[in-house]
Amino acid sequence: MEEYLSQLNEAQREAVLYTGGPEMIIAGAGSGKTRVLTCKIAYLMQIGVPPESIMALTFTNKAAREMKERIAALAGQREARRLWMGTFHSIFSRILRAESDRLGYPASFTIYDSDDSKSLLKSIVKDMSLDDKTYRPGMVHSRISNAKNSLITWKSYEQNKTLVESDIKTRTPMIRDIYKVYQNRCYQAGAMDFDDLLLQTNILFRDHPDVLDKYRRFFKYFLVDEYQDTNFAQHLIVSRLSETHRQICVVGDDAQSIYSFRGANIDNILNFKSQYAGCRTFKLERNYRSTQTIVNAANSLINKNRERISKTIYSEREKGSGILLVSTYSDYEEAFIVASKISEMRMRNQYTYSDFAILYRANKQSRLLEEALRKLNIPYRIYGGLSFYDRKEVKDAVAYLRLIVNPHDEEALKRIINYPARGIGDTTVGKLTSAATRHNLSVWTILKDPHAYDVQLNAGAIRKIDGFRQTIEDSIEYSRDNQADDTALFVLKRAGIVDDFVNEHTIEASSRIENLEELVKGISEYISIRREEYADEDGEHITLAGFLAEASLQTDQDRDKNTDADRVTLMTVHAAKGLEFKNVFVTGMEENLFPTLRSVDSPRAIEEERRLFYVAITRAEENCVLTYAQSRFINGQTERCSPSRFLLDIDARYLHTSGKLSDYDVRPKASTYYQSQPFPSRPQTRSATVETSAVEPVDAASLRIGVTVKHDRFGTGTVTDIEGEGANTKATVEFDNFGQKQLLLKYARLTVL
DNA sequence: GGCCGGGGCATTTTT
DNA sequence: TGCCCCGGCC
């Protein structure tokens, strides 16, 4: 049992053993943060703190699950299960369900995801006859979300001069009215959105001191992971709850705060010390992940930020190779160079594909990279696509399940009232929803008896609505004495969804059936896991409602499958946080892309972008390659790009450029870091750093259709088409070995033969 | 209900 | 450029 303590370094051990009050652990990248957190929890359990009085909050289900597993290994499965460990959203949705009557919500309240929220907002904007171009659902949603994260209810929004005036300035004065209606419609539907899970928890504790008091007594120890990413609502929940025992330990790294756009407030961690008198700070500064060069380079970068908690991260690993900086002539070439570099490094150093990650700022950058990887037969896995629960058929099926659990759920109802087609059109639905708003009732209530609420419907519509009502009520009835997975099968059949697909006999239809089967399988798994967990209890928790509650707070990252396959990883830098790879490529290191265009006017935003870049570099264990293109195809146009300002922030002594850089003057002091030829001669890929300036672009006037031209990379070919004029002339060339390409003359180095 | 074409748009997204 | 959403049409 003592063994796990002996594996910690001095700083880690001190942080684990301290139990004297508020504590902040500043955990640098790769410093063994998770290990410290798990050891600390295990230690607390060992010294007699009952596990059920420990609340450990994380930001992802994945983090919670991993930590739980590790603690189970240290302290035993049974003990670990008693911990309150999970995401803010899942833990507090549990508490909200237990206390729902205090707030007037049903215990089986639905959780609206962002799509539900936006779709509701859209319908409200329409109902209020507002301009849907001015009041875009996404925009309105983010305004309401920001308000909620700052604990501004619709009432306080109305009374908040600053907000109201700023809305008038931005010509969106109706936000407050929309917010009010939105909140009411959610309430009538028995639904909370993601932000409500935190906001309503705060309201619960604010308005019901006895409830607050109960939980304050109950929970003795709080641990919060990724504290730099907490928002005000989260911060207030934990600070309220921990007031009695004052045993709160927050862990985080201000240098890795990258979620301000979601309401994360870096000040929570920067000010923690001053908010908690007698707070002890521990710094974990030894990086176990990366080479000295990578750590030092990252340090030199982050030192350019003003707002930070001072610390010196160091590595005692080998010195390692310099960070390779590669300039390419286009985004297209960048992708091919990254791909061929991966092949080369893999062969030379016997890496596996899964030792590589390609990171980028924006998802759209993945396209060319994928193309290049495919062409070079490199297996890859891309993150950031549709999650399982985002698929249409799954969403539809889940909507039925949601209605069984809570028929007042308006968004679920609207989604499937006419799916499969029942001839209930927009007009009918519009009549029902506006009657619901008028009477301050749920759509379901209206639908059960349209006549009573003077909804003008013809006999046909009434009959169709009634058929739908019957389907739902039968399913609810069935669910009373059947298992959740059987209920799911029942409703899918009863609604005619399965038949639809079975009769279709297409590839898509069979893949949809598979997805539905997987959904049902997921429910069955949920049941058996729960059975095991609650073996000694009455089993009341095993319900469809329970499954939905869990599913709605889950993301695709939590249900990763075949991670064992040997593949290169492609993902955004955001998605890479918390992960590590032997070799990391950070692509698109250009101004207006990284840092993104939207950040360049705000010093604070630039600092966040710099932290994001810091996160990217510190993912690498052995090699880090930074690439930037001199031209990039953006929004339908090829743009000239200049290298990111962040490249200048890295101390040049840690950089190794792959030859002379045409318009960027970073001269590495040492070029011995990376001994290999940067780019071994491949006939079709010239060195990445061809001097574009030295090559005269071919004169547009001298090009004719049918002329034979030569291109540095593609070899010879014939011009088949010419578009545009002057500098923007675009030529279509049929290359002998590379097929047809479109080339902009100002960039393509063509010579007429 | 589904198909087509025009217009507007284009970060990041642990929940 | 390419996608998504909407309106118009059959």
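Convention: sequence-line order gives letters A, B, ...; per-chain numbering from 1.
- When heavy atoms are screened at a 4.0 angstrom cut-off, A:Lys364 is found touching the sugar-phosphate backbone but no base atom.
- If you check B:dT13, B:dT14, C:dG2 against the side chain of A:Arg367, the one that comes closest is C:dG2.
- Salt bridge status for A:Glu639 with A:Arg632: absent, with no side-chain N to carboxylate O gap under 4.0 Å.
- Distance CG (A:Leu597) to C1' (B:dT11): 10 Å, rounded to an integer number of Å.
- In this structure, of B:dA10, B:dG8, B:dT12, it is B:dA10 that holds the atom nearest to the side chain of A:Asn635.
- Residue A:Gln234 is out of contact with every strand shown, counting any heavy-atom pair closer than 4.0 Å.
- Distance A:Leu359 CG to B:dT11 C1': 16 Å, rounded to the nearest Å.
- B:dA10 atom C1' lies 13 Å from atom CD of A:Glu639, rounded to whole Å.
- Atom P of nucleotide B:dT14 and atom CE of A:Met67 are separated by 18 Å, given to the nearest angstrom.
- For A:Leu197 and A:Arg361, each mapped to the nucleotide of DNA chain B holding its nearest heavy atom, the one lying further toward the 5' end belongs to A:Arg361.
- As judged by a 4.0 angstrom heavy-atom cut-off over every strand, A:Asp132 is placed among residues making no nucleic acid contact.
- Looking at the side chain of A:Asn363, the nearest of the listed nucleotides B:dG8, B:dT12, C:dC6 is B:dT12.
- Distance from the side chain of A:Ala362 is smallest to B:dT11 among B:dT14, B:dT11, B:dG1.
- Spacing of C1' atoms, B:dT12 relative to C:dC5, comes out at 23 Å, to the nearest Å.
- At least one donor-acceptor pair closer than 3.5 Å links the side chain of A:Thr433 to the backbone N or O of A:Val429.
- Each of B:dT13, B:dT15, C:dT1 was ranked by its minimum atom distance to the side chain of A:Ser114; first place goes to B:dT15.
- Ionic pairing of A:Arg604 and A:Asp267 is present here: one or more N-O contacts between side-chain nitrogen and carboxylate oxygen are shorter than 4.0 angstrom.
- Between A:Lys414 and A:Asp116 there is no salt bridge, since no side-chain nitrogen of the basic residue lies less than 4.0 Å from a carboxylate oxygen of the acidic one.
- Side-chain contact, A:Gln554 with A:Tyr389: no donor N or O sits under 3.5 Å from an acceptor N or O.
- Note on A:Tyr259: a base of the nucleic acid sits closer than 4.0 angstrom, heavy atoms only.
- Ring pair A:Phe261/A:His574: centre-to-centre distance below 6.0 Å.
- With centres under 5.5 Å and a plane angle under 30°, the ring of A:Phe261 is stacked against the base of B:dT12.
- With B:dT15, B:dT13, B:dG1 as the choices, the nucleotide that has an atom nearest any side-chain atom of A:Asn61 turns out to be B:dT15.
- Residue-to-nucleotide proximity on DNA chain B shows that, of A:Arg598 and A:Ala421, the 5′-proximal contact is made by A:Ala421.
- For the pair A:Lys122 and C:dC4, the criterion of a side-chain N or O lying under 4.0 Å from OP1 or OP2 is not met.
- Between the CZ atom of A:Arg262 and the P atom of B:dT14 there is a distance of 6 Å, given to the nearest Å.
- In this structure, CE of A:Met139 is placed 17 Å from C1' of C:dC5, rounded to the nearest angstrom.
- Taking atom CD1 on A:Ile237 and atom C1' on B:dT15, their separation rounds to 12 Å, with Å as the unit.
- Residue contacts shown for A:Asp195 are absent, as no nucleic acid heavy atom lies under 4.0 Å away.
- Nearest to the side chain of A:Leu553, among B:dT15, B:dT13, B:dG8, sits B:dT15.
- Neither OP1 nor OP2 of B:dT11 sits under 4.0 Å from any side-chain N or O of A:Ser599.
- When atom types are taken as modelled, the side chain of A:Thr471 and the backbone of A:Gly467 share a donor-acceptor pair closer than 3.5 angstrom.
- Within the 4.0 angstrom heavy-atom criterion, base atoms lie near A:Thr596.
- Atom pair A:Asp116:CG and B:dT15:P shows a separation of 16 Å (rounding to whole Å applied).
- Between B:dT12, B:dT14, B:dG1, one nucleotide has an atom nearer to the side chain of A:Asn418 than all others, and that is B:dG1.
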